[in-house]
Amino acid sequence: MEIDYIENEVSILQPPAAQRRRIRPVDDAHPFDLDAYISGYSGRTALDRLVHIISTCPTLAPQALKLAFAQIEELRDPTLYQTVMNAYDAVADLPEVQLPPTSELYPVNTVWCEEVTKKNQAERTKLEVELKTYSNNMIKESIRMGHRDLGDFYRATGDYTQALKHYTKSREFCSTSQHVLDMCLSVLELVIEQRNYSHISSYVFKAEGALDTANAAAASNSTAGSAAPPPKRSAERDQVQSKLDFAMALFHLGQANYEKAAQLFLKIGPPDSLGDWIGKLVAPGDFAVYGTLCALASMSRSAIKSQLTGNAIFSAYIEQEPYVRDLTQSYLSSDFKNVLELLERYSTRHYVDIHIYSHVYDLTNLIRNVAVVLYFQPFQTIRLDRMSAAFGWTVDEVEKEVVALIQSGQIQGRVDSQNKILKARKVDHRAELFARAIKTAAEIQSTNRKLLLRMRLQQADLVVKPPKSRREQDRAAELLQVD
């Protein structure tokens with residue numbers, strides 16, 4: 001018996017309940033070194049990642065809690081204690097998780113909280129008084145710097161709404177393109193920390209416009225006799241452009257546009273070009289994970305070879321995550337069983353990332369689907385047990401996966417469910433050629449009939465002429481075109 005599709009079939013890739021809650025194991029089959037991972041980050045992003053790890057990996061929650069409490073005292077936001085404890089308590093309340101209460105692990109440093117709160121209040125009052133003084137004196141540059149300083153303060157203390165308000169308010173008092181560019185980069189850092197991807201594109205476009213204006217002004221000064229060396233300006237532009245490319249890559253990743261995200265991740269310059277964003281927002285190893293997963297899920301093999309494996313700059317990022325190179329090489333050599341094993345083995349590493357965790361399931365599915373399609377391409381018929389050996393699945397799992405791909409149109413074939421054989425649909429190229437020829441002839445015939453009808457209407461003077469004024473305008477326009 002042959003079938004084309006199965007109604008209401010459940011995919012073998014349907015995530016289990018634990019995966020839908022993003023609870024991930026950490027064991028010999030899913031290794032993850034928390035200390036090595038978190039050492040690549042600093043500041044607020046380190047804390048955000050630790051909170052996410054507490055929610056994602058209960059087995060690491062006590063260790064992550066200890067690191068988070070130590071990280072909090074390097075920041076200026078005492079409310080983070082409550083954020084971390086809420087995340088820990090939410091995981092501890094799960095029925096399948098056994099965790100000791102936070103009070104038994106690490107106490108809250110109340111003395112530090114009181115001191116930091118007083119310092120924050122005093123600094124806030126000071127900055128607000130300075131800004132008011134600058135506003136009364138109508139000193140434009142000082143007002144801009146006052147808003148910038150208040151934005152930095154509110155960002156450090158965790159009030160992102162007020163920080164964004166003051167950063168954007170400083171735009172009104174920017175007097176140079178460099179000021180606008182600095183404002184845009186500050187906002188981009190803020191929205192990336194918030195993971196508010198929808199706002200990234202507008203500020204990237206504003207930053208690119210300010211960057212072009214600043215470079216044009218620098219070029220004009222150079223031609224007028226300035227001694228500024230062009231190589232230095234080029235290096236500065238490359239540094240800013242790498243930051244903008246990274247921000248736009250995150251925007252496309254947030255929109256699930258994996259192909260554009262992959263192209264931008266692979267386009268990013270060396271780690272030095274990102275300046276203080278390395279560690280502050282992202283680690284070099286993250287680029288290897290983001291770029292490779294998005295590329296494997298959306299790009300062709302030829303594009304992967306030229307843009308990923310042949311990219312010397314991106315190879316420096318891959319060195320930070322050696323398994324990524326093995327993943328790419330296995331994919332290009334059609335060792336799909338090893339590809340799937342590597343994706344599963346390092347799935348915990350992918351799910352603990354705060355930017356890509358919500359896309360890991362979809363990206364893994366896309367990579368698996370592409371692998372099945374590529375494996376079947378050279379064959380007219382193939383037994384499902386041979387495919388099961390190549391992918392490490394059971395025959396029933398292979399059949400369900402293949403049927404799903406036939407339903408979606410990614411595989412042109414039929415499944416013989418009795419003999420467990422996948423057969424490619426036979427394409428009659430001669431019939432296709434005749435069909436295209438007949439369709440083209442019909443379109444030409446229809447066009448010719450319309451032209452003949454128009455000619456006969458004009459001969460019979462049955463065409464409605466435009467008003468005299470319109471005819472005069474058209475005639476004048478024709479004369480202008482001739483001139």
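Not measured: the values here are computed from a predicted model.
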Rounded to the nearest 0.5 Å, what separation is found between the [atom1] atom of [X] and the [atom2] atom of [Y]?
X: Q63; Y: I38; atom1: CD; atom2: CD1; answer: 10.5 Å
X: F32; Y: T56; atom1: CZ; atom2: OG1; answer: 9.5 Å
X: Q412; Y: I406; atom1: CD; atom2: CD1; answer: 9.0 Å
X: L50; Y: L34; atom1: CG; atom2: CG; answer: 6.5 Å
X: T157; Y: L80; atom1: OG1; atom2: CG; answer: 10.0 Å
X: R414; Y: I421; atom1: CZ; atom2: CD1; answer: 13.5 Å

Closest approach of [X] to [Y] (non-hydrogen atoms, all atoms of both residues):
X: A261; Y: L253; result: CB-N, 3.8 Å
X: I313; Y: P270; result: CG2-N, 3.5 Å
X: L164; Y: T168; result: O-OG1, 2.8 Å
X: L293; Y: I367; result: O-CD1, 4.0 Å
X: L308; Y: G291; result: CD1-O, 4.5 Å
X: M299; Y: A262; result: SD-CB, 3.8 Å

Tell me, with the steps shown, if F336 and L374 meet side chain to side chain contact (heavy atoms under 4.5 Å, CB included).
CA-CA 10 Å; F336 297 125; L374 289 175; 4.0 Å; yes
Let me see the working for Q178 and T176 under side-chain hydrogen bond (donor to acceptor under 3.5 Å, both in side chains), right down to the final yes or no.
CA-CA 5 Å; Q178 185 62 43; T176 67; over 6 Å; no
List for me each residue that meets ring pair (Phe, Tyr, Trp, His ring centres under 6.0 Å) alongside [X], sequence neighbours excluded, and say none if there are none.
X: H166; result: H147, Y154
X: F314; result: none
X: H252; result: none
X: F287; result: F246, Y317

Might you work through the salt bridge (Lys or Arg N to Asp or Glu O under 4.0 Å) test for D276 and K243, ending with a clear yes or no?
CA-CA 10 Å; D276 60 347; K243 292 181 177 181; 3.4 Å; yes
Between [X] and [Y], do the side chains contain an N or O donor and an N or O acceptor separated by less than 3.5 Å?
X: R148; Y: S186; answer: no
X: E193; Y: Y160; answer: yes
X: Y331; Y: N338; answer: no
X: N196; Y: S198; answer: yes
X: T59; Y: R24; answer: no

Partners passing salt bridge (Lys or Arg N to Asp or Glu O under 4.0 Å) against [X] (at least two apart in sequence or in another chain):
X: D77; answer: R44
X: E172; answer: K169
X: E189; answer: R155, K280
X: E319; answer: R325

In Y290, Y258, Y351, the residue satisfying ring-ring contact (aromatic ring centres under 6.0 Å, His included) with H359 is Y258
Using ring centroids (six-membered ring only for Trp), state whether F251 and Y197 fall under 6.0 Å.
no
Set out, in order, the CA-CA distance, both residues' side-chain angles and the distance that settles side-chain hydrogen bond (donor to acceptor under 3.5 Å, both in side chains) for N419 and D416, then state yes or no.
CA-CA 6 Å; N419 298 316; D416 183 345; 2.9 Å; yes
For [X], is the [atom1] atom crowded, meaning more than 12 foreign heavy atoms sit under 6.0 Å from it?
X: R76; atom1: CZ; result: yes
X: H199; atom1: NE2; result: no
X: K165; atom1: NZ; result: no

T309: which residues meet the side-chain hydrogen bond (donor to acceptor under 3.5 Å, both in side chains) condition with it, sequence neighbours left out?
none
Does [X] use its side chain to pair, donor to acceptor, with the backbone of [Y] at less than 3.5 Å?
X: S388; Y: D385; value: yes
X: D48; Y: I354; value: no
X: R345; Y: D28; value: yes
X: S55; Y: V51; value: yes
X: T348; Y: V26; value: no
X: D33; Y: D35; value: yes
X: E397; Y: T394; value: yes

So Y346 and E341, side-chain hydrogen bond (donor to acceptor under 3.5 Å, both in side chains) or not? Walk me through it.
CA-CA 9 Å; Y346 293 97; E341 289 175 351; over 6 Å; no
Residues Y357, H52; criterion ring-ring contact (aromatic ring centres under 6.0 Å, His included); working and verdict
CA-CA 10 Å; Y357 76 94; H52 181 64; 4.4 Å; yes
Contacts under 3.5 angstrom, residues 433-444 side chains, donor-acceptor by atom type, not counting sequence neighbours:
residue, atom, partner, partner atom, Å
T440, OG1, R436, O, 2.9

Show, in sequence, the C-alpha distance, side-chain angles and deciding distance for C57 and V352, and conclude whether the side chain to side chain contact (heavy atoms under 4.5 Å, CB included) test is met.
CA-CA 8 Å; C57 302; V352 298; 3.7 Å; yes
Residues in side chain to side chain contact (heavy atoms under 4.5 Å, CB included) with Y106, at least two apart?
L65, K66, F69
Determine which pairs satisfy salt bridge (charged side-chain N to carboxylate O under 4.0 Å, His left out) with at least one residue from residues 281-292, sequence neighbours left out, and list them in order.
R49-D286, D286-R349
The test is side-chain hydrogen bond (donor to acceptor under 3.5 Å, both in side chains); show your working for D27 and H30 and say whether it passes.
CA-CA 5 Å; D27 49 32; H30 303 85; 3.1 Å; yes
